[in-house]
Amino acid sequence: MVRTLGVAVVGFGWMGRVHTQAYVRLPHHFPQLTVRPELIAVADEVPGRAEEAAERYGFATAARDWHEIAADPRIRAVSVAAPNFLHREIGTAMARAGKHIWIEKPVGLTADDARAVAAAVAEAGVQGAVGFNYRNAPAVQTARAMIAAGEIGTVTHARIRLFSDYAAHPEAALTWRYERARGGSGVLGDLASHGVDLARFLLGEIDALIADTAVFVPERARPAGATAGHTRATGGEPGPVENEDYVSCLLRFASGARGVLEACRVSVGEQNTYGFEIHGTKGAVHWDFRRMGELGVSRGTAYQDQPVSTVYVGPGHGEYGAFQPGAANSMGYDDLKVIEAYHFLRSIAEGTAHGATLDDAVRSATVLDAMARSAERGAWVSPA
Ligand SMILES: NC(=O)c1ccc[n+]([C@@H]2O[C@H](COP(=O)([O-])OP(=O)(O)OC[C@H]3O[C@@H](n4cnc5c(N)ncnc54)[C@H](O)[C@@H]3O)[C@@H](O)[C@H]2O)c1
């Protein structure tokens, strides 16, 4: 029997919209789910933004103040898609109010914030899903299965990279993302958090690391009014960028494998250049988000001159079959969020976690804190 589950979204910028669309599309792609989301409320502090979202997507209620959502007994699950500095306060309040949460990465400003949200979720006995969407790509799921099955031998080394130009324009507005108080770290929390999750998902825990960070655009223009996403502020009064644009990091995995992670938000000529190359004693796998349905695979017993072939993901690879009937039909970014919503609602229906959880967020944030510590000290550190 299918039952409805009242859901709400807090923060209606880019992620608020994507979570909402994922809830709406969920029954189209995953009709087997025994719970079906019902859009009850949306909250955003910018006047009119929640009302507009309610009208467009069909939420029953719109609010300026997220506390109204915490107090609403019709709401059983909440998407937390507000800026990072609000994750801890909103995440813990929603969990304490008995609501399941689907919260965006990096879950707060520091690992301490992520731990506080994880503790509130555990104490309340609710489900907590986290927005590490790239692990949901069918090709990434396939790479993980191949590595776990030993198809590339023992993993020796890996490169993980996340390059973007979203902050490359000198007139990109000084939004919450560039402030310590509201964004926390810079590219560490914004992009490297995804890289750390992919590294852990594919290769296991990280034992030690050494990192270097840099700010390449030290000043930006203050926006005149409310912002969403990556807006411009042409002619605005300049203010300081308080967190890093770039990080490079050497990783030692508990398995003994070595890795290199590099992330940058000001890379001219790079748009969503997110991916990895993983090498083993007998083969290799590589993936690029921009060609999300392709997995480069080299396997066999040749060692030298061993060819690389392209596997186009299809039904049977991860959740691909919920979207397309045959291999090599493209999926998109938003589809990864539909898969995330599926994991979240399935966790609620079954009372067992599926997909990335707050434990993953805590572990990722602990590694990111270690990268910041290492960059400050110029030394190898262990995530603790
Ligand atoms: N998983 C991903 O791939 C991914 C991508 C982008 C952003 N994110 C994460 O999602 C979160 C939001 O990012 P975004 O790009 O959507 O940001 P955004 O700036 O586009 O949207 C944030 C929204 O929150 C609203 N807001 C601010 N204070 C609020 C409050 N007190 N109550 C209610 N709403 C409030 C803002 O008005 C805005 O509409 C961040 O934590 C970010 O790290 C994740």
Side-chain angles (χ1 to χ4, degrees), residues 8-22 41-53 62-70 78-91 93-94 101-110 113-114 117 129-137 162 164 166-167 172-179 181-198 223 225-231 233 243 263 265 272 274 289 292 332-341 343-344 355-356 360-361 364-365 368:
V9 174
V10 179
F12 207 83
W14 179 27
M15 279 307 107
R17 176 181 60 74
V18 174
H19 280 225
T20 303
Q21 289 170 328
V42 54
D44 198 292
E45 65 157 13
V46 173
R49 200 170 271 180
E51 286 75 7
E52 200 185 316
R64 290 273 301 275
D65 185 350
W66 59 264
H67 293 91
E68 287 178 31
I69 284 175
V78 178
S79 278
V80 182
N84 301 349
F85 76 102
L86 292 166
H87 291 174
R88 180 177 185 150
E89 190 187 357
I90 300 175
M94 293 303 172
I101 61 170
W102 175 13
I103 187 164
E104 267 308 329
K105 44 60 55 178
V107 188
L109 304 175
T110 60
D113 282 358
V117 180
V130 179
F132 288 131
N133 24 263
Y134 299 107
R135 63 156 70 189
N136 299 328
L162 303 106
S164 174
Y166 73 76
L174 188 68
T175 64
W176 60 266
R177 281 193 160 79
Y178 306 93
E179 291 174 14
R182 293 194 297 161
S185 60
V187 78
L188 280 172
D190 212 29
L191 297 182
S193 55
H194 284 298
V196 171
D197 185 64
L198 284 174
T227 63
H230 308 299
T231 36
N243 50 30
R265 64 186 177 186
N272 295 325
Y274 308 154
F289 168 66
M292 189 163 76
Y333 174 89
D334 288 14
D335 295 331
L336 304 183
K337 284 304 206 197
V338 176
I339 295 172
E340 208 163 272
H343 289 150
F344 180 42
D360 294 304
S364 164
L368 298 174

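Start at 1 and go down the list; that is how both ligands and their atoms are numbered. Nothing here was measured: the structure is a model prediction, and the numbers come from that model. Excluded from the calculations below are hydrogen atoms, water molecules and symmetry mates; all remaining heavy atoms, backbone and side chain alike, are included.
Atom CD of Glu89 is separated from atom CH2 of Trp66 by 4.5 Å, given to the nearest 0.5 angstrom.
Only side-chain heavy atoms of Trp66 come within less than 4.0 Å of ligand 1; its backbone N, CA, C and O stay farther off. Of all the heavy atoms of Asn133, the ones lying under 4.0 Å from any atom of ligand 1 belong exclusively to the side chain. Looking at Phe132 against ligand 1, nothing comes within 4.0 Å, counting heavy atoms.
Looking at ligand 1, you'll find an N or O of His87 within less than 3.5 Å of one of its N or O atoms. For Trp176, a nitrogen or oxygen atom sits less than 3.5 Å from a nitrogen or oxygen atom of ligand 1, counting backbone and side chain alike. Here's the thing with Glu104: one of its N/O atoms is less than 3.5 angstrom from an N/O atom of ligand 1. Considering backbone and side-chain atoms together, Gly131 places an N or O closer than 3.5 Å to an N or O of ligand 1.
For the residues Ala81, Gly183, Ala50, Ser193, the heavy atom positioned nearest atom 22 (C) of ligand 1 is part of Ala81. Of the candidates Asp190, Ile103, Leu86, it is Leu86 that places a heavy atom closest to atom 28 (N) of ligand 1. Comparing heavy-atom distances from atom 27 (C) of ligand 1 across Gly108, Pro83, Ala82 singles out Pro83 as nearest.
Taking the charged nitrogens against the carboxylate oxygens, Lys337 and Glu104 do have a contact shorter than 4.0 Å, which makes a salt bridge. Between Asp190 and Arg265 there is no salt bridge, since none of the side-chain N atoms of the basic residue sits less than 4.0 Å from a carboxylate O of the acidic one. With respect to Asp197 and Lys105, no salt bridge is recorded, no charged nitrogen being found less than 4.0 Å from a carboxylate O.
Heavy atoms only, all atoms of each residue included: Ser193 and Phe132 are closest at O-CE2, 3.6 Å.
Every residue meeting the ring-ring contact (aromatic ring centres under 6.0 Å, His included) condition with Tyr134, not counting sequence neighbours, appears here in chain and number order: His194, Tyr274, Phe289.
Under a 3.5 Å cut-off, the side chain of Asn133 and the backbone N or O of Leu336 do not form any donor-acceptor pair. Of the possible polar contacts, one joining the Asp113 side chain to the Leu109 backbone as a donor-acceptor pair under 3.5 Å is found. No donor-acceptor distance shorter than 3.5 angstrom exists from the side chain of Asp334 to the backbone of Val18, with no hydrogens or angles considered. Checked by atom type and distance alone, the side chain of Ser164 pairs as donor or acceptor with a backbone atom of Tyr166 at under 3.5 Å.
Atoms of ligand 1 found under 4.0 Å from any heavy atom of Arg177 (numbered from 1 in listed order, with element): 6 (C), 7 (C), 13 (O), 14 (P), 15 (O). Which parts of ligand 1 touch Tyr333 is read off a 4.0 Å heavy-atom cut-off, strictly below it: atoms 1 (N), 2 (C), 3 (O), 4 (C), 5 (C). Listed by number with element, the atoms of ligand 1 under 4.0 angstrom from any heavy atom of Pro106 are 43 (O). Taking a cut-off of under 4.0 Å to the non-hydrogen atoms of Arg49, the atoms of ligand 1 that pass are 36 (C), 37 (O), 38 (C), 39 (O). Applying the 4.0 Å criterion to heavy atoms of Lys337 picks out, from ligand 1, the atoms 1 (N). Atom numbering of ligand 1 starts at 1 in the shown order; those under 4.0 Å from a heavy atom of Val46 are 37 (O). Close approach of ligand 1 to His194 is summarised as follows: ligand atoms under 4.0 Å from at least one heavy atom of the residue are 1 (N), 2 (C), 3 (O).
Contact of the Val117 side chain with the Ile101 side chain is registered, since non-hydrogen atoms from C-beta on lie closer than 4.5 Å.
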